[in-house]
There are 2 protein chains.
Amino acid sequence: MSITSTPPVVPQRAAPQLTRAHEPLGCRAHEVLARVGDKWSVYIIHVLGEAGTLRFGELKRCVEGISQRMLTVTLRSLERDGLVSRAMYPEMPPRVEYALTPLAMTLRGIVGQLVEWSQANLPAIDGARARYDAQVPGWAPAED
Amino acid sequence: MSITSTPPVVPQRAAPQLTRAHEPLGCRAHEVLARVGDKWSVYIIHVLGEAGTLRFGELKRCVEGISQRMLTVTLRSLERDGLVSRAMYPEMPPRVEYALTPLAMTLRGIVGQLVEWSQANLPAIDGARARYDAQVPGWAPAED
DNA sequence: CAGCATCCTACCAGATACTG
DNA sequence: CAGTATCTGGTAGGATGCTG
């Protein structure tokens, strides 16, 4: 379990000041991370955070690339987790508006940083990929 | 757990103007988000960030729940993106050590905030789920 | 317009076995 | 120990067609 019981065989190199390896992560936090670490969730939270309130179709247009099904599914999931609120107006034609909940609002900052980081470091990552693909023999550059 | 590399203060970008016209994220950022928004990537980056340097087996124990295959695959992917460095020592038995690259180091702060947020808001999310599951008729509470 | 239901496919990801 | 290779079931997720 704890790697602090280091076998004497392993040479301690470069004096790791961070010996405390097994931070338990609180077990279930992993679960939440999986939610946030969903392909579309972060995207949707970001878009909704920027736009404030959007209807289904608008959202779909903003998140372009997402299928109608995945948008529905993801929104349901986010709604269930209390991150997105859903307001339905039974008019004709129907109108449904989505927005972030206060809970999700506290995520906005982090998500924003994530997006900024992504945009800022895209070139670096592209470079790393190119370098890796070049030096690794039989690696098919299949987008990941 | 302390995220020492980054001040906990979230630089809220000023003026979240609620305009409906939303610029599409530069949209390759989405690609990077998908990488970060991978189930295991954040976890591994976090663990590696805390531990500094870990061998394959140590990592596997730390990220408990991950299969050997997924650890290999995810590490490869992270390595390809220049987020994780891999040092192999062709001894017997073999030893391979993983660590974050400087690039990934700049992600540590954000990932740390994400983890903290997850842990802090787990109860809220649990509550929201319970509430949702209770009020929605035929919803099978199948964990997601 | 906003969705649900259905079908169908591809890939994700675990288990197992084998190698250097 | 640190992988690779292979098989396989589960599910993510797209396409389509239909309702209120």
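In what follows, chains are A, B, ... by sequence order, proteins preceding strands, each numbered from 1.
Using a 4.0 Å cut-off between a side-chain N of Lys or Arg and a carboxylate O of Asp or Glu, B:R108 and B:E50 qualify as a salt bridge. Look at B:R95 and B:E97 and you find a salt bridge, because one of the NZ, NE, NH1 or NH2 atoms lies within 4.0 Å of a carboxylate O, short of that distance.
By the salt bridge (charged side-chain N to carboxylate O under 4.0 Å, His left out) test, A:R69 is found to be paired with no residue, residues two or more places apart in sequence or in another chain being considered. A:T101 is linked by a side-chain contact (heavy atoms from CB on, under 4.5 Å) to A:S85, A:L103, A:A104, counting only residues two or more places apart in sequence or in another chain. Residues satisfying the side-chain contact (heavy atoms from CB on, under 4.5 Å) criterion with A:M92, sequence neighbours excluded, are A:P94.
Heavy atoms of A:Y89 sit nowhere under 4.0 angstrom from any nucleic acid atom.
The span of DNA chain D lying next to chain A, judged by atoms under 4.0 Å from heavy atoms, is bounded 5' to 3' by D:dG13 to D:dG20.
Residues B:R55 and B:V96 are not in side-chain contact: their nearest non-hydrogen atoms beyond the backbone lie 4.5 Å or more apart. Residues B:L114 and B:I110 have side chains not in contact (no heavy-atom distance under 4.5 Å, counting atoms from C-beta outward). Inter-residue side-chain proximity for A:L75 and A:V84 is flagged as met; some heavy-atom pair is nearer than 4.5 Å. B:T72 has its side chain within reach of B:F56: a pair of non-hydrogen atoms, C-beta onward, lies under 4.5 Å apart. By the 4.5 Å heavy-atom criterion applied to side chains, B:R129 and B:I125 are counted as neighbours.
From one end of the helix from C:dC1-D:dG20 to C:dG20-D:dC1 to the other, with five pairs defining each end axis, the axis direction shifts by 50° (rounded to 10°).
One can place CG of A:L71 at 14 Å from P of C:dC1, the figure rounded to the nearest angstrom.
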| query | Which letters describe nucleotides 14-20 of chain C, given B = protein heavy atom under 4.0 Å from base, S = only from sugar-phosphate, - = neither? | reply | BB----B
